[in-house]
Amino acid sequence: TVFYINKNNSSSSKNEYDIAGQGTSLYRFLNEYLKVIPGKAIDGEQSYYAYGTSSIGSKYLGDRRSDPNAEKGLASVDTRGDIRLWYIHPIEADSPDSYFGVAPTLTCNGKYYYAMFAGFPFDAYSDGMKFFTVTDVNPRKDSPAVCLKELNGVVPAGTPVIIECSNPLPSDNRLNIDPAGTVADVSGNLLKGVYFNNDDVVHKNLTPYDSKTMRILTVKDGSLVFDVADIDYLPRNQAYLQLTEDDQYEVGCYQLLTEDEYENNYNSVGVIEANSLVDVYTVDGRLVKACINRHDVPSLGSGLYILHGKGLTEKVIVR
């Protein structure tokens with residue numbers, strides 16, 4: 001994830017900071033600020049102490065392991081000496097190691113994908129990256145699908161998106177964090193997301209997965225789809241499709257289509273032959289009757305209907 005070190009400008013203390021990220025912050029949890037002060041310079045680079053205070057004294061954030069080559073550190077507040085010192089490196093897209101790169105989890109037709117939900121704004125630094133929201137769901141039984149909208153501009157913080165990459169390597173899928181520029185239009189996004197999947201006893205934060213109303217991004221039969229998942233809880237920092245209507249719940253798997261593909265499949269107006277089988281919908285997308293003959297539509301009663309059949313869509317008024 002990404003976290004922010006925000007100075008408390010309302011305090012007379014020059015050393016108080018709030019650590020924010022994942023849609024919350026240290027101060028919101030504890031009503032306390034972290035104190036950060038400079039330590040010594042090591043090999044010409046400034047280091048810092050981070051600590052909190054109470055009536056019983058101060059506790060400094062440190063590393064339980066003194067070995068600087070250890071791959072994974074274990075945080076502690078009971079350490080002494082230089083292992084309480086920290087370097088603070090800002091995220092920079094062109095940095096050799098302090099960058100944010102997307103690690104795709106899905107591969108389909110030579111592209112790589114990740115359904116991301118993050119608490120920070122971003123756009124693409126690396127070439128070949130695209131960002132999508134979902135703006136419509138069509139549960140039509142012959143070819144259920146969702147409509148992908150490609151975003152242009154900065155993706156706002158807290159926006160669940162599907163990220164398309166041309167490369168599987170995080171180093172080639174870098175993001176600009178907090179970039180300047182025009183904010184992308186993300187209105188009508190049907191994707192949702194959660195920040196945490198933490199089963200720790202003290203800090204438990206889990207969101208149960210509902211197989212009726214939720215669909216997870218995956219690859220099925222060579223296609224990128226939203227499908228029912230075999231999980232108990234939603235994964236952290238990932239987007240999912242939130243269904244909202246009873247007829248949508250009945251469909252387990254939805255194919256992903258671009259706006260042009262979606263328009264051609266579902267909104268191409270034409271004339272359907274009288275003896276063709278059609279699915280009949282109301283203008284607001286509710287299924288009235290599935291798989292009936294075109295010439296039987298008047299028997300459904302007066303109203304405006306949308307017919308889907310043979311890859312065509314026809315609007316019919318029954319008086």
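All values below were derived from every heavy atom in this structure, side-chain atoms included, with hydrogens, water molecules and symmetry-related copies excluded.
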Give me each pair satisfying salt bridge (charged side-chain N to carboxylate O under 4.0 Å, His left out) with a member in [range], each pair once, sequence neighbours excluded.
range: residues 230-245; answer: E245-R286
range: residues 40-58; answer: K40-D82
range: residues 200-218; answer: none
range: residues 179-197; answer: K149-D185

Tell me, please, which residues at least two apart from Y233 pass side chain to side chain contact (heavy atoms under 4.5 Å, CB included). N197, L206, P208
Output all residues satisfying side chain to side chain contact (heavy atoms under 4.5 Å, CB included) with D260, sequence neighbours left out; order by chain, then residue number.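 With sequence neighbours excluded, D260 shows a side chain to side chain contact (heavy atoms under 4.5 Å, CB included) to T258, given in chain and number order.
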Name all residues meeting the side chain to side chain donor-acceptor pair (under 3.5 Å) criterion together with D178; count only those two or more places apart in sequence or in a different chain, and write none if there are none. Y4
Pairing residues for K289 by the side chain to side chain donor-acceptor pair (under 3.5 Å) criterion, not counting sequence neighbours: none
Quick one: salt bridge (charged side-chain N to carboxylate O under 4.0 Å, His left out) partners of K220, sequence neighbours excluded?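 With sequence neighbours excluded, K220 shows a salt bridge (charged side-chain N to carboxylate O under 4.0 Å, His left out) to D227, given in chain and number order.
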Can you sort out the partners of K59 under salt bridge (charged side-chain N to carboxylate O under 4.0 Å, His left out), two or more places apart, ordered by chain and number?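 K59: salt bridge (charged side-chain N to carboxylate O under 4.0 Å, His left out) contacts with D78.
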Taking the six-membered ring for Trp and the single ring otherwise, decide whether the centroids of F226 and Y254 are under 6.0 Å apart. no
Within the 3.5 Å criterion, strictly below it, is a donor on D136 or Y262 matched to an acceptor on the partner's side chain? yes
Heavy atoms, side chains only, cut-off 4.5 Å: are M129 and N173 in contact?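 Of all side-chain heavy-atom pairs linking N173 with M129, at least one is under 4.5 Å.
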Please examine the side chains of V161 and F122, heavy atoms only from C-beta on, and report whether any two atoms are closer than 4.5 Å. yes
Atom pairs and distances, donor-acceptor, side-chain atoms in residues 162-171, under 3.5 Å, two or more places apart:
residue: E164; atom: OE1; partner: Y113; partner atom: OH; Å: 3.3
residue: N167; atom: OD1; partner: L169; partner atom: N; Å: 2.8
residue: N167; atom: ND2; partner: D172; partner atom: OD2; Å: 3.1

By the rule that ILVMFWY residues connect when side-chain heavy atoms come within less than 4.5 angstrom, directly or transitively, which residues belong alongside L61?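 W86, listed by chain and number.
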